[in-house]
2 protein chains.
Amino acid sequence: MAKHLRLQIEEQLRERGLKITPQRFAILEHLAQNHEHPTADEIFNAINRQFPRASRATVYNTVAALAEAGLIETLCLDDGVIRYDANLTAHHHFICRRCRKILDVPGHAVRGKLAWRAPHQVESYEVVMRGLCRKCR
Amino acid sequence: MAKHLRLQIEEQLRERGLKITPQRFAILEHLAQNHEHPTADEIFNAINRQFPRASRATVYNTVAALAEAGLIETLCLDDGVIRYDANLTAHHHFICRRCRKILDVPGHAVRGKLAWRAPHQVESYEVVMRGLCRKCR
DNA sequence: CTGCGTGCAAAATGTTTGCAATGTG
DNA sequence: CACATTGCAAACATTTTGCACGCAG
């Protein structure tokens, strides 16, 4: 694991007043290196190889804490499963209707401006695209 | 209940080769008159007042069938709960970070065009906005 | 009449909670 | 050393499944 990633994760945790534990490390590292938007259970399985004693509850607690601290984002696109994403740069999502993969689309790949006529105060937005991904096309 | 809505629902069901049952009627009617994006359980509770013998399984079966037939859309925005929406006109969603309500935003209220640089074949897209709704602002 | 759709109960899945034990700061 | 965090198990919530019965076409 890259040392700078390690330091960066430590700093992020400290900044938010979260204690640095091996489990949180493992979860953040997994998410940082994996852009597949895993579910809590998938994280649990991945982590479990390193930490056979890790529990599901810890994964759920941890991702909730990390999400509240703003270190990761939650995602719930089509099925009723909550997924987690450590990609905090502005981006959108593309869901392939064939392979069901959820792919990141960088913010700058969506061009044009949106102007709201909605009578609400829009603070952020995300575009969810659906179709066929490059491989399935 | 408006008679034209009744006929419209019957026709939609027939078109898709679905049998016309009182339960399907009740579910579609509920969704058509209710823009709150209810969950399966909320539908179940609403339906149950009319049909005390209706079962949860029927609600789940029915919404799955209706969604597959394209009569309703499924929605899974932030929490891990699947919601259903009979609004088939082009529209987007606004989630209030205070009252947590999910509000429809008509398609024409989102102005501007989006151009994809993504290497995928985009067939449809939806914009999810977040912020404070009019009442909570 | 034929089979899809329903109701029921039980199982599978996904998530939360309570509490004692542990490890971080 | 204090307290947040962990692990475990059990509770809880949500969704799916199997099967017998009933109703729509």
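Letters A, B, ... are given to chains in the order of the sequence lines, protein chains preceding strands, and every chain is numbered from 1. Values below: all heavy atoms of this structure, side chains included; hydrogens, waters and symmetry mates excluded.
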Handout entry: Ring-ring centroid check Y125(B) W116(B), cutoff 6.0 Å
Key = yes
Problem - Within 45° cone and under 6.0 Å: R6(A) NZ/CZ vs F25(A) ring - result: yes
Exercise for the section: Give the rounded distance in Å between these two atoms: CZ of F25(B) and C1' of dA24(D). Expected result: 13 Å
Handout entry: dT15(D) phosphate, OP1 or OP2, under 4.0 Å from Y60(B) side-chain N/O
Key = yes
Problem - D104(B)-H37(B) side chain donor-acceptor pair, cut-off 3.5 Å - result: yes
Practice task
Report yes if a side-chain nitrogen or oxygen of T21(A) is closer than 4.0 Å to either non-bridging phosphate oxygen (OP1 or OP2) of dG23(C); otherwise report no.
Solution key: no
Exercise for the section: Measure the distance from CZ on F51(B) to P on dG22(D) and round it to the nearest whole Å. Expected result: 18 Å
Exercise for the section: Using a 4.0 Å heavy-atom cut-off across all strands, classify A65(A) as base, sugar-phosphate, or nothing. Expected result: nothing
Exercise for the section: With sequence neighbours left out, write down each residue that passes side chain to side chain donor-acceptor pair (under 3.5 Å) with R97(A), or none if nothing qualifies. Expected result: E123(B)
Practice task
For R83(A) and E36(A), work out which heavy atoms get closest and say how close.
Solution key: NH1-O, 4.5 Å
Problem - Length of the CZ-C1' vector between R16(A) and dG25(C), whole Å - result: 19 Å
Practice task
Using the closest heavy atom to pick a nucleotide of DNA chain D for each, name whichever of T39(B) or P22(B) lands nearer the 5' end.
Solution key: T39(B)
Handout entry: Shortest side-chain distance from I82(B), nucleotide among dG7(D), dT15(D), dT15(C)
Key = dT15(D)
Practice task
Compare side-chain N and O positions of R53(A) against OP1 and OP2 of dC8(D) and report whether any pair is under 4.0 Å apart.
Solution key: yes
Problem - Side-chain N,O (T58(B)) to OP1/OP2 (dG7(C)) below 4.0 Å - result: yes
Exercise for the section: Let me know the distance between CD1 of I47(B) and P of dT6(C), rounded to the nearest Å. Expected result: 12 Å
Problem - Rounded distance in Å - CZ (R56(A)) to P (dA11(D)) - result: 18 Å
Practice task
Ignoring backbone atoms, test whether T62(B) places a side-chain nitrogen or oxygen under 4.0 Å from the OP1 or OP2 oxygen of dT6(C).
Solution key: yes
Exercise for the section: For the side chain of K19(A), starting at C-beta, report the closest nucleotide among dT15(C), dG23(C), dC8(D). Expected result: dG23(C)
Completion exercise
In whole angstroms, the gap separating P of dT6(D) from CD1 of I20(A) amounts to 12 Å
Handout entry: Length of the CG-C1' vector between L18(A) and dT6(D), whole Å
Key = 14 Å
Completion exercise
Y84(A) and T39(A) have their tightest heavy-atom pair at CD1-C, 4.5 Å
Exercise for the section: Taking only the side-chain heavy atoms of N61(A) (C-beta and beyond), determine which of dT6(D), dA4(D), dG7(C) contains the nearest atom. Expected result: dT6(D)
Handout entry: Q23(A) side chain near dG23(C) phosphate (N/O to OP1/OP2, under 4.0 Å)
Key = no
Completion exercise
DNA chain C nearest-nucleotide lookup for P52(B) and R24(B): closer to the 5′ end is R24(B)
Problem - Distance in angstrom units between I27(B) CD1 and dT6(C) P, rounded - result: 8 Å
Exercise for the section: Kindly point out which of dC8(D), dT14(D), dT17(D) is positioned nearest to the side chain of A57(A)? Expected result: dC8(D)
